[in-house]
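Quick notes on the structure that follows.
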There are 2 protein chains.
Amino acid sequence: MTGKLDQVFAALADPTRRAILSMLLEDDMAVTDVAHPFEMSLAAISKHLGVLTSAGLISQEKRGRVKWCKLEPDALRGASVWMQGFGQFEPVNLDAFERFLAVELSGPVMPPEAGE
Amino acid sequence: MTGKLDQVFAALADPTRRAILSMLLEDDMAVTDVAHPFEMSLAAISKHLGVLTSAGLISQEKRGRVKWCKLEPDALRGASVWMQGFGQFEPVNLDAFERFLAVELSGPVMPPEAGE
DNA sequence: GCAATCGTCAACCGAATGGTTGAATAAGCA
DNA sequence: TGCTTATTCAACCATTCGGTTGACGATTGC
């Protein structure tokens, strides 16, 4: 019953995992290549990738014998939006903001700009 | 040596702590009052407040025998900025939110219950 | 077929986390 | 003074976390 926000924030709380996400920002990578810069076992990296995957922050697809890791930045959206609630400091609007999020996150009400 | 980002994200990874931050968004509160809605001991809440404090997300000031907790939203900035690095999701649709507010505030506003 | 590569699994370890209780400290009030 | 309220501290407990190692299944290439 652990909420998605719990998982996302917990996943982001580890510097190794944040580094992995940054690496994937540049390109998709195989597990072995992800592991290469780190001074820890492949199994450890595999676990980190598991955490990132179940948080939805990356996806993994096996092609042949290599498993490719792909960043899924949309998973950060919920967390980002939650934090924005503290950015513009308007106590009055908090409730409205939460309702806005309910609408906003349940589906694209309004495409940002000129289609997707 | 644990980085600030580690602490901030780890602090946000717990639903009780996120709920506390949301409560503090409305107003400063005494520790006892923060604890009141939760079904756990005061000591547990005190620990959570300790975590939030050392992450810099709140500050605590003792006046008389009561200790006041105050939100420090600036502490979220670093985390927010880090996440923006992944942002195909623009920093919330502020425009959309404002449009939403315009509609919302002209109609009936019903208070939902607090918490996440 | 056989060996090397890719990645996970299982068991284990020490440390951190989230909670509990009960005692201790500190401040206000009768 | 002594009682009550506010908060933390200390010890303990179960669970999770981040890491290790070694064995294993799957895939590829010689």
Side-chain angles (χ1 to χ4, degrees), chain A residues 1-24 27-71, chain B residues 1-24 27-71 115-116:
Chain A
M1 183 110 33
T2 310
K4 255 312 185 217
L5 273 186
D6 296 35
Q7 283 175 268
V8 169
F9 281 128
L12 296 181
D14 185 280
T16 300
R17 288 193 292 260
R18 287 199 307 276
I20 291 174
L21 292 178
S22 293
M23 290 164 57
L24 291 176
D27 209 350
D28 298 357
M29 295 178 79
V31 171
T32 308
D33 294 332
V34 169
H36 190 248
F38 298 97
E39 288 177 341
M40 70 180 70
S41 69
L42 186 59
I45 295 293
S46 182
K47 280 193 194 178
H48 280 304
L49 291 173
V51 172
L52 290 170
T53 299
S54 53
L57 289 164
I58 68 171
S59 59
Q60 291 179 286
E61 183 200 356
K62 192 169 178 182
R63 274 202 306 273
R65 74 178 154 178
V66 28
K67 202 166 184 177
W68 293 91
C69 304
K70 181 176 183 307
L71 189 64
Chain B
M1 194 72 164
T2 308
K4 257 308 187 217
L5 273 187
D6 297 35
Q7 282 175 268
V8 168
F9 281 129
L12 296 181
D14 185 282
T16 301
R17 289 193 291 260
R18 287 200 306 278
I20 291 174
L21 291 178
S22 292
M23 289 164 57
L24 291 177
D27 208 351
D28 298 357
M29 295 178 79
V31 172
T32 307
D33 294 331
V34 168
H36 189 249
F38 298 97
E39 287 177 341
M40 70 181 70
S41 70
L42 187 59
I45 295 294
S46 183
K47 280 193 192 178
H48 280 304
L49 292 172
V51 172
L52 290 170
T53 299
S54 54
L57 289 164
I58 68 171
S59 59
Q60 292 180 285
E61 182 200 358
K62 192 169 180 182
R63 273 203 308 273
R65 74 179 152 176
V66 24
K67 203 166 185 178
W68 293 91
C69 304
K70 181 176 183 307
L71 189 64
E116 189 198 351

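Chain A is the first sequence line, chain B the second, and so forth, proteins listed ahead of strands; every chain is numbered from 1. Nothing here was measured: the structure is a model prediction, and the numbers come from that model.
- Looking at A:S46, its side chain never comes within 3.5 Å of a backbone N or O of A:L42 through a donor-acceptor pair.
- Both A:G64 and A:A13 lie near DNA chain D, and the one whose nearest nucleotide falls closer to the 5' end is A:A13.
- Of the candidates D:dA26, C:dT8, D:dG18, the closest approach to any side-chain atom of A:K67 belongs to C:dT8.
- Using modelled atom types, one side-chain atom of A:R17 and one backbone atom of A:A10 make a donor-acceptor pair closer than 3.5 Å.
- Counting only distance, with no hydrogens or angles, the side chain of B:Q60 and the backbone of B:T53 share no donor-acceptor pair below 3.5 Å.
- Taking 4.5 Å as the limit, every side-chain heavy atom of A:V51 sits out of range of all side-chain heavy atoms of A:L57.
- Atom CD in A:Q7 sits roughly 14 Å away from atom C1' in D:dT16 (whole-Å rounding).
- For A:L12 against A:R18, the heavy-atom pair with the smallest separation is O-NH1, 2.7 Å.
- For the pair B:L52 CG and C:dG18 P, the computed distance is 10 Å after rounding to whole Å.
- For the pair B:D6 CG and D:dG18 P, the interatomic distance rounds to 10 Å; values are reported in whole Å.
- Rounded to an integer number of Å, the gap from A:H48 NE2 to D:dC17 P is 12 Å.
- Across all strands shown, B:R63 has no heavy atoms under 4.0 Å from either base or sugar-phosphate atoms.
- Closest to the side chain of B:V66, out of D:dA6, D:dG19, D:dG18, is D:dA6.
- Between B:K47 and C:dT17 there is no side-chain N or O to OP1 or OP2 distance below 4.0 Å.
- Although no hydrogens or angles enter the test, the distance criterion places no donor-acceptor pair under 3.5 Å between the side chain of B:E61 and the main chain of B:C69.
- DNA chain D is contacted by A:M40, A:S41, A:A43, A:A44 of residues 37-45 of chain A, taking any non-hydrogen atom closer than 4.0 Å.
- An OP1 or OP2 oxygen of D:dT4 is reached within less than 4.0 angstrom by no side-chain nitrogen or oxygen of B:R65.
- Atom CG of A:L49 and atom P of C:dC6 are 15 Å apart (whole Å).
- Within the 4.5 Å cutoff, no side-chain heavy atoms of B:I58 are placed close to those of B:K70.
- Rounding to whole angstrom units, CZ of residue B:F9 and C1' of D:dC17 are separated by 18 Å.
- Regarding B:K62, its NZ atom lies at a distance of 17 Å from the P atom of D:dT5, rounded to whole Å.
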